[in-house]
Enquirer: 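Mind looking over this structure? Questions follow.
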There are 2 protein chains.
Amino acid sequence: MTTLNEVARHAGVTPATVSNVLRNRGKVGAATRERVLASVAALGYRPNLTARALAEGRAPTLALMVSSIANPFYPEFALEAERAARKRGRFLLVCNTDNDSNVGSAYLDQIAGTLSQGVLVMNADLHFDDLIKAQGHGASVVLCMWEKPDQPPGVSCIAVDFRQAGRLATQHLLDLGHRRIGAIVGCQPGGVQAMRYVGLVDALEQVDPTLTAKLEHETRYVEDNVEGGYAATMSLLDASPDLTAIFVSNDFPALGVLHAAADRGLRVPDDLSVIGITDIHWARLARPALTTVAVPTAQAAEMAVELVLDLIHNPRKEPTTWIADEPWLVERKSTGPALKT
Amino acid sequence: MTTLNEVARHAGVTPATVSNVLRNRGKVGAATRERVLASVAALGYRPNLTARALAEGRAPTLALMVSSIANPFYPEFALEAERAARKRGRFLLVCNTDNDSNVGSAYLDQIAGTLSQGVLVMNADLHFDDLIKAQGHGASVVLCMWEKPDQPPGVSCIAVDFRQAGRLATQHLLDLGHRRIGAIVGCQPGGVQAMRYVGLVDALEQVDPTLTAKLEHETRYVEDNVEGGYAATMSLLDASPDLTAIFVSNDFPALGVLHAAADRGLRVPDDLSVIGITDIHWARLARPALTTVAVPTAQAAEMAVELVLDLIHNPRKEPTTWIADEPWLVERKSTGPALKT
DNA sequence: CTGAAAGCGCTAACAC
DNA sequence: GTGTTAGCGCTTTCAG
C-alpha cells in the first residue's frame with residue numbers, strides 16, 4: 001500500500017505538499033503539482049481514508065439504523081439515503097437492529113461519534129435515551145420520518161405529515177361514496193403509525209361524526225406486515241360483512257388485505273375498496289394495483305442526510321425539525337365507487 | 001469525547017494499561033483492572049474505532065457492493081450479509097452502484113483496503129479489472145453468488161449452482177407433463193443468468209432433444225424485472241399460444257409473467273404454469289404463490305463474509321471458490337399438471 | 001510556494 | 001504487572 005510519504009519521496013517534496021496538491025489546499029506551484037500528480041499516478045497511490053478520518057477528526061461515513069429489512073420500505077429508504085450520502089461524499093453504514101433494541105444500543109454505542117459522526121435512525125426500536133446518549137458522545141442523530149409532529153422526540157428529525165396522509169386516504173374513500181369503512185393499523189394503539197389513524201378520524205368526523213363511533217369496532221391493530229393485514233381483514237369482514245372499504249395504515253399490510261379479499265371471493269374494488277399509505281414500489285405491482293397515499297420517501301432521505309451533515313457542522317443545543325413535503329394521493333385500481341348501500 | 005489518555009490519567013495508570021484492560025490483552029492486576037473499569041464507566045469512555053483501525057492497520061468494516069436495490073433480491077442478501085458481519089464484529093458499508101460501473105469503480109477505489117479491508121461484490125456491473133486492482137491495493141474481494149463455475153472469475157467467490165436450479169425447475173415442469181415450455185431469461189444471452197438457461201436445456205435434452213430445438217424460438221431475453229417478464233410473456237404467448245408452461249430464470253420477472261397471464265385471462269396454473277428461480281420473499285406473496293427453485297441466500301451471504309475474513313487473515317495468491325448448498329424446489333401454487341395437449 | 005513538526009487516539013513491542 | 005516508546009497515515013499550523 002503506497003502512502004503519502006512514499007509519494008512525497010518519489011516526487012521529491014514533503015508529505016504536506018502532496019496533501020495540499022491532493023486536496024487543493026494551500027498554494028502549490030504548477031510544476032510541483034504536475035510532478036506530484038505524476039508520482040501519484042505512477043505509484044497508484046490512494047489516500048487512506050481511515051488515517052484521514054483520524055487526522056481530520058471526522059469519519060466519512062454516516063450510519064443508518066433500521067429495524068428490519070423485511071419491511072420493504074426500509075430498503076427503499078436506504079437506497080435513497082445511500083444516494084444522498086454518496087452525493088455528499090459520505091459512505092453509508094447500514095445497521096440492522098433485527099428488531100432488537102439491544103442490538104440498536106450496541107450499534108449506537110460503538111459507532112456513534114467514532115466510526116461515523118452522523119446517525120440516521122429509521123425506526124424506534126431504539127430508546128430515545130440511547131439516541132440522546134449518542135448525541136452526548138458527539139454524534140449527530142436525526143430521526144427519519146417522524147410521524148408525530150405534536151410530540152417532538154427530543155432529537156432532531158425529519159417529519160412527514162402522516163396525519164394528512166390518513167386524511168387524504170380517507171377523503172378519497174369518502175369521495176367514492178364509502179361510508180362503511182374498516183381500518184387496519186400496522187402498529188399497537190398509540191404506536192408509530194397512530195397519526196395515520198388520527199387522520200382517518202379527522203376526515204370521518206368532518207363528514208359525519210357517527211362514523212367515528214362505529215369505527216372503533218371496525219379497527220384492527222396488527223403487525224405491520226402482509227400476514228397482519230390478511231388476518232385483520234378476515235376478522236374485520238367476519239364481524240362486519242357490510243364494509244365496502246378498508247383503510248390500511250401502510251401498504252405492506254394492505255397487500256395482505258388484497259389477498260384476504262381474493263380468498264373470500266371478493267372483487268377489489270367492486271366488492272371492496274382498499275387503500276394503503278406510503279406507496280412502496282410493490283404497491284403498483286399488486287393485483288389490482290394498490291391505490292395509496294404516497295409519501296416523499298426520497299426527499300425525506302435526502303433531507304435526513306442533509307440535516308445530519310448540517311448538525312455536524314453546526315451543532316446546536318435544541319433539536320431541529322425539518323418538514324418534508326405533503327403526502328399525495330396515488331389512484332390506482334384497488335379503489336372504486338361504493339356499490340353496496 | 002473522552003480518550004484513552006484521559007481514562008488512564010483518571011485511573012492513575014498509563015494508556016497501555018487501559019488498552020490492555022479493555023482488550024483483555026497482556027496481564028493486568030485485578031485491582032488496577034477494577035480501577036480502570038471504574039474510570040471508563042465514570043467518564044463514559046468509548047474507544048474511537050477510527051483510531052483503533054489506523055493503529056491496527058485494519059478497519060472493522062466490510063463493504064457490500066450491489067447494483068440496485070430495485071432488484072428485491074439485493075436487500076435480502078444485504079440483510080443476511082449484515083447479520084453475518086455483525087456476528088463477527090464487523091460493520092457493513094452498503095455501496096450502491098446504481099447500475100453504473102463508474103460508480104462501482106469509484107467506490108472500490110476509495111474504500112477498498114482503506115475504509116474496509118474486505119469487499120463483497122454482488123453484481124457484475126463492476127469490471128473484473130477493477131476487482132483485481134482492488135486486490136492489488138490490499139483489499140480482499142469476494143464475488144457473491146457466482147453463477148458460472150466453469151468460468152472462474154479470477155477472484156475469489158461463492159458459487160451457487162444455478163445450472164442445477166435451472167434443471168430442477170425444468171424437471172418439475174416436465175414431471176407435471178409439460179412439453180410446450182417457453183423460457184424467459186432475465187439477462188442478455190450469455191449474461192449473468194445464462195447458467196440457469198443451460199440447466200433448462202440440460203433437462204429438456206434428457207427427455208427429448210427435439211424440445212431444445214423448439215425452445216430457441218420460445219425464449220426471450222429481457223430486463224431482470226417485472227416489466228421485462230410481463231412484456232416477454234405477451235410476446236411469447238402471441239407467438240406460441242399453445243405454451244402450457246413458462247420457465248423464468250428469476251422470480252422477479254416471474255411476477256410479471258403472473259400479471260401478464262392474468263391480463264390475458266389465463267388462469268395460473270390451469271392454463272399456464274409458471275416457475276421462477278431464487279425464492280425471494282415476494283414469491284410467496286404473489287397470487288398465486290409462485291413455485292420456484294430456492295437458492296441458499298443466507299448461507300451464501302454468511303459464506304461470503306466468512307471467506308472474505310479468511311482471505312484477510314490468510315492472503316493467498318490463487319482465488320478461492322467456495323460452493324454453497326444445492327438449490328431446492330419450492331412447490332407453491334403457480335404450477336400444475338399440463339391440461340392442454 | 002514549500003518544508004518541518006506536531007498530533008489525531010489507539011496499539012504493540014519491549015523494557016522495567 | 002505496568003510503563004515507555006514508537007509508530008499507523010494523514011492533516012495542519014506555522015516557519016522559511
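Here is how names work: the chains are called A, B, and so on, in the same order as the sequence lines, proteins then strands, and each is numbered from 1.
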Enquirer: Checking salt bridge (charged side-chain N to carboxylate O under 4.0 Å, His left out) for the pair A:R23/A:E56: CA distance, chi angles, key distance, verdict?
Expert: CA-CA 13 Å; A:R23 349 197 52 233; A:E56 287 183 332; 2.7 Å; yes
Enquirer: Measure from CG on B:L115 to C1' on D:dG9 and round the result to the nearest Å.
Expert: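 Going from CG in B:L115 over to C1' in D:dG9 covers 13 Å.
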Enquirer: Throw together a table of side-chain donor-acceptor distances under 3.5 angstrom for residues 8-20 of chain B, partners on residues two or more places apart or in other chains.
Expert:
{"from": "B:T14", "atom 1": "OG1", "to": "B:T17", "atom 2": "OG1", "distance (Å)": "3.4"}
{"from": "B:N20", "atom 1": "ND2", "to": "B:A16", "atom 2": "O", "distance (Å)": "3.4"}

Enquirer: Just the rounded figure in Å: distance from P of C:dC10 to CD of B:E6.
Expert: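 From B:E6 CD to C:dC10 P: 9 Å.
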Enquirer: Could you check how far CZ of A:R52 sits from P of C:dG9, rounded to whole Å?
Expert: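 Interatomic distance, CZ of A:R52 to P of C:dG9: 18 Å.
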Enquirer: Find the distance A:N5:CG to C:dA4:C1' and express it as a whole number of Å.
Expert: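 Going from CG in A:N5 over to C1' in C:dA4 covers 12 Å.
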Enquirer: Tell me whether the side-chain N/O atoms of B:S19 come closer than 4.0 Å to OP1 or OP2 in C:dC10.
Expert: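 For B:S19, the contact criterion (side-chain N or O under 4.0 Å from OP1 or OP2 of C:dC10) is not met.
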Enquirer: Any chance you could measure B:T297, atom OG1, to B:I280, atom CD1, to the nearest 0.5 Å?
Expert: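 Output value for this atom pair is 10.0 Å.
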Enquirer: Would you mind reading off the distance between A:R58 atom CZ and C:dG7 atom P, rounded to a whole angstrom?
Expert: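 Between P of C:dG7 and CZ of A:R58: 21 Å.
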Enquirer: Can you measure B:Q110 atom CD to D:dG9 atom P for me and round it to whole angstrom units?
Expert: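 Computing the B:Q110:CD to D:dG9:P distance gives 19 Å.
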Enquirer: Nearest whole angstrom, please: distance from the P of D:dG9 to the CG of A:L4.
Expert: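 Distance, rounded to whole Å: 11 Å.
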Enquirer: Could you check whether A:E302 pairs with A:R83 (Lys NZ or Arg NE/NH1/NH2 to Asp/Glu carboxylate O, under 4.0 Å)?
Expert: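 No, no charged N to carboxylate O under 4.0 Å.
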Enquirer: Rounded to the nearest Å, what distance is computed from the CG atom of residue A:L49 to the P atom of nucleotide D:dC10?
Expert: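 Rounded to whole Å, this separation is 9 Å.
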Enquirer: Could you run down nucleotides 1-8 of chain D 5' to 3' and tag each one B, S or - for protein heavy-atom contact under 4.0 Å?
Expert: SBBB--BB
Enquirer: Is a donor from one side chain sitting under 3.5 angstrom from an acceptor on the other, for A:T114 and B:N48?
Expert: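 No - no donor-acceptor pair under 3.5 Å links their side chains.
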Enquirer: Once salt bridge (charged side-chain N to carboxylate O under 4.0 Å, His left out) is applied, do any residues pair with A:R86, and if so which ones, sequence neighbours excluded?
Expert: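 Salt bridge (charged side-chain N to carboxylate O under 4.0 Å, His left out) list for A:R86, sorted by chain: A:E82, B:D98.
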Enquirer: According to a strict under-4.0 Å criterion, is B:R23 in side-chain N/O contact with OP1 or OP2 of C:dA12?
Expert: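 For C:dA12, OP1 or OP2 has a side-chain N or O of B:R23 closer than 4.0 Å.
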